[in-house]
Structures are given as C-alpha cells and as structure tokens.
Amino acid sequence: MPVWVRDYSWRQTDTAVFLSVPMRGVRVTQANIFCTDQYLKVNVPPFLFEAILYAPVDDTSSTAKIRNETIFFTLYKKEVAMWESLVMENGDKEKMQRIRENAVIKAQEKADEEEKSKAVTKREHKKLALEATMKLEETERKRIENLKEEERKKVTEELEIWKEKQRNEEKQRRIQSEEKIRRERKLIEEKKKSEINKTLNAGTSKARSIPTRAGSSGSIFSEKLKEESFPAPRSAGTIQINFTSRVFPTALRESRVAEEEEWLHKQAEARRAMNANFSELKDLNEEEKNPDWLKDKGNKMFATGNYLAAVNAYNLAILLNNKIPVLYLNRAACHLKLRNLHKTIEDSSKALELLIPPVPDNADARVKAYVRRGTAFCQLELYAEGLQDYDAALKIDPTNKTLKQDAEKIQHIIQGTAQDS
C-alpha cells in the first residue's frame, strides 16, 4: 500500500505557486512525476502524492527540483490571480475521476503530438541532408565539367594557333614561289627580247650590204630581201623549275588541304603522347607494346580480382591506342569494383563515344557501357540518371529480364524518395 503524503507546504504569488513535497526517510534521486494543466501526481515508492489543482497551470514551463529528500515545484499560473487553496475542495468522486481521466487523455494527446512533431523534424532533417548531398554532388559535377571545358578550350586554342601558323607559312611559301616565278619569267622575257633585237639588227645590216644593179627586176630583189630578213634560229638554254615542298606525294592542285592538315595534326598529337608517356613504355618489350596483348593481360588480372593491376594494363594499352572502346569499357568495370564511381562514368561515356555509329555488332558493348554507367550513377544516389541509362540499355536489348528488374527497382527507389520528400 502506498503512503499518501499530506504534510506538504505551499505559497503563492499572482503568477506562480511554490510547492514543497517532503519524502522523509527516502533518498530521492529520481521521481515519477505526472503533470498536466490541472493535475499533479508524484510517485516515489513508497510515497504517493496527488493534487487536483485549484486552477489551470502552464505545465510546459513549470519546473521540479529534488533537494534534501524534498521535491520543490514551481507552477506558473495560466491566469493572474490568487488561489483560495492549492487543491480543488468539495469535489465529488465522479468529478475527480473525470479530471484524472482527462489529464491522462491530454497527456496522451500531447505525447502523440510530440511524436508527430519529432517525425516531421526527422523528415525535414533527412530532406535537408539529402539536399545538401545533392548540392555537393552537383558542385563536384560542375567542377569536373568546368575542368573538361577549360581543357577543351585550351586544346582548341592550341589547334587554332597551329592552324593559323600553318596558313601563314603556306601563304608565305606561296608568295615566295610566285615572286620567284615572276622574276624568272621577267628574265626569260628580257632574254627573248634581247635575242630578237640582235637578230633584227643582224638582218638589217645584211640587207644594207646588198648592191643595187640597174635593170634588175623588182621581184628578184624582193625575194632576196625576204630571205635575208628571216631571224636566226633560237639559241639553246636551260630553264630552272622549282616545286613547292609537300609532305604528301600528290600535287597541290589535286590535294585536300583540310583533310591533310587534320591528318598531320593527329600524327603530331600521337607523337606528343608517345613522347610524354615514353617513361612508362620504355620498360616494355616489343611484344608488350601491343594493345591487344595488354588487354588480354588486364582481363586475366580482372578475373583474379587484382583490379589495380588490371587498370594499369588498360592504361598502357590506351596510351598505345586510345581509339579502342573495349579498353575503356573494361577499365570502367575495374573502377566500378574499386568504387571509383566518377572514373567509371567517364570511361563508360568515352566507350559510348567510340561506339558510334550504333550497329548490331557493337550492341552488346553499348549495353555494358550503359549498365556500368547507370550502376555508378545509382551508387552515387543519382537515380534519375541511372534510370535513363538502364532505359537506354533496354532499348538495345528489350528481352533482357535482369535489366527490366533492375530498372523497376530504381523506379521504386525514385518513387519512395519522392513520397518521403
């Protein structure tokens, strides 16, 4: 049986009530206190204290302190007034019971509201965390895109500078060639004029030296004069012809300058890449400098679970030939195993670029590229982008049941995220 505490003391002001409940003989460390706006109950075995308050109090701001076997309550009144007593007097049992039941119901409703409020706060925190993560990922993605764009601009500027230099050199060579041809033609014309003048002078002198005889017929004289006025045969000479130096064997008039410049640029890039990575390739023998041999080596390393060694093999193969899509595809698989998700996305995208145009022969490779890139997106929690890649793979291979199941799972995750938000 509990021991009811009756020897409590209290005092009041217009705004608060100060209540002291002694627990004699018991070391009070913690107490079970139940308080509503008009009901107060304290349970410290074997003591029990209960009070139906005279007027409502603010149970949210009210406080309780334990000190020296006594519990001190500070109850703040809802209305400014002086109470005639601490507890409600002259109340029947039914009224008291209703007050107790209402107190329990109010406490339960308050607990439910607090639980709902905590759930809403938790959802808000989760949503904020998700938004912060998405912002960080978006920032990282923009940073990578900016780096790519800067690199592209840099390469484009270098290419334009090189093209402009080539055009200037070609223009200079053409001007020099035209100037040289012009000088040679001028010399030839001057030489021809000089020879013609010499011939004419020689013929005139011979015509003047012929004696005139009386009685000679005019026709004979005119025939002799014609024979003597013919110019002498042209003297032999040598004409120098210089051709414009060219890399290609075809004549300049038959060449395609734009295609030749593109080919020369690609060859220069390949030579620069080989020279830049010579330190990595110098330890390889001639057999190991074959991209197919390095690809097979990387496949064996991948099969044994040595993904870092497989990545190194594919890197060397790409240095030797960066136009083989299967090298990027296999390296993407290694990065996916190593959780290098951004590199997986880059290599899969590069493989898809090299697999253009899409034909039936490269359908399997395109499906693998989309699946690996979609898997990397999903592991980065970018489910919308991942679903797009799985849908693209399903368009290529619509009968693949595994792809359908994975796409449905991603769709469910996206719908669940939308409902939570």
Side-chain angles (χ1 to χ4, degrees), residues 134 137-138 140-142 144-145 147-148 152 290-418:
M134 292 176 67
E137 292 174 353
E138 182 67 21
E140 180 67 15
R141 186 159 56 250
K142 287 183 178 179
I144 294 172
E145 290 176 355
L147 289 176
K148 288 183 178 179
R152 187 190 66 78
N290 186 350
D292 292 332
W293 186 90
L294 290 169
K295 177 177 72 69
D296 295 336
K297 191 73 173 178
N299 293 344
K300 292 177 182 179
M301 293 295 181
F302 182 88
T304 59
N306 193 352
Y307 305 118
L308 287 175
V311 168
N312 291 332
Y314 295 136
N315 288 341
L316 293 175
I318 290 172
L319 289 177
L320 293 170
N321 190 345
N322 60 357
K323 301 298 182 183
I324 303 176
V326 71
L327 296 176
Y328 294 95
L329 198 59
N330 292 356
R331 192 171 69 174
C334 295
H335 285 313
L336 189 60
K337 291 288 186 181
L338 294 170
R339 299 283 298 172
N340 297 331
L341 303 178
H342 292 287
K343 291 184 178 180
T344 303
I345 294 171
E346 292 178 4
D347 281 348
S348 300
S349 301
K350 182 64 176 179
L352 288 171
E353 291 176 4
L354 295 174
L355 289 169
I356 294 174
V359 294
D361 289 340
N362 62 20
D364 292 338
R366 285 185 285 121
V367 169
K368 290 179 181 178
Y370 280 122
V371 169
R372 287 169 188 171
R373 190 171 71 176
T375 303
F377 276 132
C378 290
Q379 291 185 10
L380 288 170
E381 297 184 359
L382 301 173
Y383 299 110
E385 291 81 352
L387 183 60
Q388 289 179 359
D389 281 344
Y390 271 89
D391 289 339
L394 278 172
K395 290 180 180 179
I396 301 171
D397 188 7
T399 61
N400 194 319
K401 295 182 179 179
T402 304
L403 289 178
K404 289 182 180 179
Q405 293 175 357
D406 293 341
E408 290 174 357
K409 290 179 182 178
I410 298 171
Q411 186 67 38
H412 290 325
I413 292 173
I414 294 174
Q415 292 176 355
T417 305

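Since the structure is predicted, the reported quantities are computational estimates derived from the model, not experimental observations.
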What side-chain donor-acceptor pairs closer than 3.5 Å can you find for residues 362-369, not counting sequence neighbours?
{"from": "N362", "atom 1": "OD1", "to": "V359", "atom 2": "N", "distance (Å)": "3.1"}
{"from": "N362", "atom 1": "OD1", "to": "R366", "atom 2": "NE", "distance (Å)": "2.9"}
{"from": "N362", "atom 1": "OD1", "to": "R366", "atom 2": "NH2", "distance (Å)": "3.4"}
{"from": "N362", "atom 1": "ND2", "to": "L355", "atom 2": "O", "distance (Å)": "3.2"}
{"from": "N362", "atom 1": "ND2", "to": "P357", "atom 2": "O", "distance (Å)": "3.2"}
{"from": "R366", "atom 1": "NH2", "to": "V359", "atom 2": "O", "distance (Å)": "3.2"}

Cut-off 3.5 Å, no hydrogens considered: what does the side-chain donor-acceptor table look like for residues 319-334, sequence neighbours left out?
{"from": "N321", "atom 1": "OD1", "to": "K323", "atom 2": "N", "distance (Å)": "3.1"}
{"from": "Y328", "atom 1": "OH", "to": "N322", "atom 2": "O", "distance (Å)": "3.4"}
{"from": "N330", "atom 1": "ND2", "to": "N299", "atom 2": "OD1", "distance (Å)": "3.1"}
{"from": "R331", "atom 1": "NE", "to": "D347", "atom 2": "OD2", "distance (Å)": "2.8"}
{"from": "R331", "atom 1": "NH1", "to": "N315", "atom 2": "OD1", "distance (Å)": "2.5"}
{"from": "R331", "atom 1": "NH2", "to": "D347", "atom 2": "OD1", "distance (Å)": "2.9"}

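Residue pairs meeting the salt bridge (charged side-chain N to carboxylate O under 4.0 Å, His left out) criterion with at least one partner in residues 404-413, sequence neighbours excluded, do not occur; the list is empty. Legend: side chain to side chain donor-acceptor pair (under 3.5 Å) pairs involving residues 373-386, not counting sequence neighbours, sorted by first then second residue: R339-Q379, S349-R373, R373-D389, T375-Y390.
Pairing each heavy atom of D397 with each of L403, the nearest pair is O-CD1, 4.4 Å. Here the closest non-hydrogen pair linking L387 and A407 is CD1-O, 3.6 Å.
Rounded to the nearest 0.5 Å, atoms CZ (F377) and CD1 (I345) are 4.0 Å apart. A distance of 10.5 Å separates CD in E145 from CG in L147, rounded to the nearest 0.5 Å. To the nearest 0.5 Å, the span separating NZ on K295 from NZ on K300 amounts to 11.0 Å. The distance from the CG atom of L382 to the CD atom of E137 is 4.5 Å, given to the nearest 0.5 Å.
Side-chain contact between K148 and I144 is present, with heavy atoms from C-beta onward closer than 4.5 Å. Contact annotation: the side chain of L338 approaches that of V311 to within less than 4.5 Å [non-hydrogen atoms, C-beta and beyond].
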With side-chain contact (heavy atoms from CB on, under 4.5 Å) as the criterion, how do N312 and M301 come out once you've worked through the C-alpha distance, each side chain's angles and the decisive distance to 0.1 Å? CA-CA 10 Å; N312 291 332; M301 293 295 181; over 6 Å; no

Would you please test L352 and L354 for side-chain contact (heavy atoms from CB on, under 4.5 Å) and show each step? CA-CA 5 Å; L352 288 171; L354 295 174; over 6 Å; no

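Judged as a ring pair (Phe, Tyr, Trp, His ring centres under 6.0 Å), and not counting sequence neighbours, the contacts of F302 are Y307. Scored by the salt bridge (Lys or Arg N to Asp or Glu O under 4.0 Å) test, E140 finds R143 as partners (sequence neighbours excluded).
Summarising the local packing, NZ of K297 is surrounded by 12 or fewer heavy atoms from other residues, nucleotides or ligands at distances under 6.0 Å.
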